[in-house]
Amino acid sequence: MPSPAPEFLDVIRIAARAVIWREGCVLVQVKQAADGRIYLGLPGGRLEPGETLAEAARREAEEEVGANVQVGALIQVLETYRQRPEGIRHQVEHLFTCHVDDTYVPQMGKHPDSKQIAVRWADPVAEADLFDPPYGALLTDQIAEIYRGVVQDETA
C-alpha cells in the first residue's frame, strides 16, 4: 500500500537572507533546536507585504543581528522543504551579498529569531556541517549557477 502524499502548506514562503563576509568568514546566527542541537543560519527571513527582496534582507539583518547592511547582488536562489507541525513548508530563499561597516561587532538584534542564541563569524568550510540548511557548502561553490534548486528536503 503506497504511503500518503506529504501534506504541504498552501503558501510558498518567499525569504531573503544576508550573506556578510569578513576575512573568509560569514556572519551567522547561532541557533538551538528544541532537542538541544546547535546549528548555524544566515540572517534573514520572510518577505513582508510591500517589501522588495533587498528591503527584506536589510530589515532582517537589522532585526536579527543588529547590522545596518548595504545590500548588494543576488548571488543564489534555493528551495527548502521543511517539516513543521502544521505541514511541510516550501520556502524559496534569495541570498544577497551584503556589506557592513568595518566597526560592526556581532550582536543580537532587537528582534532575533526565536531559536537564536548568539551571533558570530563562522568559517563556512571548517564549519560546513553546522549550517542548516547547508549554506556553508553552497557559499563556497564559486562555479555554481544562481538557482541551486532544492537543497533541503525533509519530505522523504
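We find that Lys110 and Glu63 are not joined by a salt bridge, their nearest charged nitrogen and carboxylate oxygen being 4.0 Å or further apart. Using a cutoff of 4.0 Å between basic side-chain nitrogens and carboxylate oxygens, Lys115 and Asp132 are not scored as salt-bridged. A salt bridge is absent between Glu154 and Arg89: the closest approach of a Lys/Arg side-chain nitrogen to an acidic carboxylate oxygen does not fall below 4.0 angstrom.
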- Item | Trace of the side-chain contact (heavy atoms from CB on, under 4.5 Å) decision for Val28 with Val119 | CA-CA 6 Å; Val28 298; Val119 178; over 6 Å; no
- Item | Gln91/Glu79 under side-chain contact (heavy atoms from CB on, under 4.5 Å): CA gap, chis, key distance, verdict | CA-CA 6 Å; Gln91 185 158 297; Glu79 297 181 60; over 6 Å; no
- Task: Could you please spell out the steps behind the side-chain contact (heavy atoms from CB on, under 4.5 Å) verdict for Ile12 and Val92?
- Result: CA-CA 7 Å; Ile12 297 172; Val92 180; 3.8 Å; yes
- Please walk me through it: do Tyr147 and Leu78 pass side-chain contact (heavy atoms from CB on, under 4.5 Å)? CA-CA 6 Å; Tyr147 175 68; Leu78 53 99; over 6 Å; no
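Using a distance-only test at 3.5 Å, with no hydrogens or angles considered, no donor-acceptor pair links the side chain of Glu93 to the main chain of Ile14. Formation of a donor-acceptor pair under 3.5 Å by the Arg17 side chain with backbone atoms of Leu42 is found in this model. Checked by atom type and distance alone, the side chain of Glu60 never pairs as donor or acceptor with a backbone atom of Ala57 at under 3.5 Å.
Arg82 and Gln152 share a side-chain donor-acceptor pair at under 3.5 Å. Between the side chains of Gln29 and Tyr39, no donor-acceptor pair of N or O atoms lies under 3.5 Å. Using a 3.5 Å distance cut-off with no hydrogens or angles, the side chains of Glu64 and Gln116 do not pair a donor with an acceptor.
Within a 6.0 Å radius of CD in Gln83, other residues, nucleotides and ligands contribute more than 12 heavy atoms. Shown here is Glu86, whose CD atom has more than 12 heavy atoms of other residues, nucleotides or ligands within 6.0 Å. For CZ of Arg46, the number of neighbouring non-hydrogen atoms (other residues, nucleotides, ligands) closer than 6.0 Å is 12 at most.
If you take CG on Leu74 and CD1 on Ile146, they are separated by 5.5 Å, rounding to the nearest 0.5 Å. Separation of atoms CH2 (Trp21) and OG1 (Thr97) is listed at 9.0 Å; rounding is to 0.5 Å. Atom CG of residue Leu40 and atom CG of residue Leu130 lie 5.0 Å apart, to the nearest 0.5 angstrom.
A chain of hydrophobic side-chain contacts below 4.5 Å, direct or via other Ile, Leu, Val, Met, Phe, Trp or Tyr residues, connects Val100 to Met108. Hydrophobic cluster membership is shared by Val71 and Leu47, with clusters built from Ile, Leu, Val, Met, Phe, Trp and Tyr side chains linked at under 4.5 angstrom.
No side-chain heavy atom of Lys31 sits under 4.5 Å from any side-chain heavy atom of Ile117. Between Glu62 and Asn68, some side-chain heavy-atom pair lies under the 4.5 Å cut-off. No side-chain heavy atom of Val150 sits under 4.5 Å from any side-chain heavy atom of Thr80. Contact of the Ile20 side chain with the Val26 side chain is not registered, since no non-hydrogen atoms from C-beta on lie closer than 4.5 Å. Counting heavy atoms from C-beta outward, Leu138 and Gln76 have side chains that approach closer than 4.5 Å. Here the side chains of Tyr104 and Val65 are in contact, with some heavy-atom distance below 4.5 Å. Arg120 has its side chain within reach of Val30: a pair of non-hydrogen atoms, C-beta onward, lies under 4.5 Å apart.
Ring geometry, His90 versus Tyr81: the interplanar angle falls from 30° to 60°, so the pair is classed tilted.
Nearest heavy-atom pair across Ala122 and Pro124 is O-CD, 3.3 Å. Across all non-hydrogen atoms, the minimal contact from Asp102 to Arg22 is O-NH2, 3.4 Å. Closest heavy-atom contact between Leu27 and Pro43: O-CD, 3.6 Å. Contact record, Asp123 with Val125: OD1-N, 2.8 Å, taken as the closest heavy-atom pair. Between Ala56 and Ala16, the shortest heavy-atom distance links the atoms CB-CB, 4.0 Å. When all heavy atoms of Ala54 and Phe96 are compared, the closest pair comes out as N-CZ, 4.1 Å.
Grouping Ile, Leu, Val, Met, Phe, Trp and Tyr residues whose side-chain heavy atoms lie under 4.5 Å apart, directly or via other members, leaves Val11 alone, with no other cluster members.
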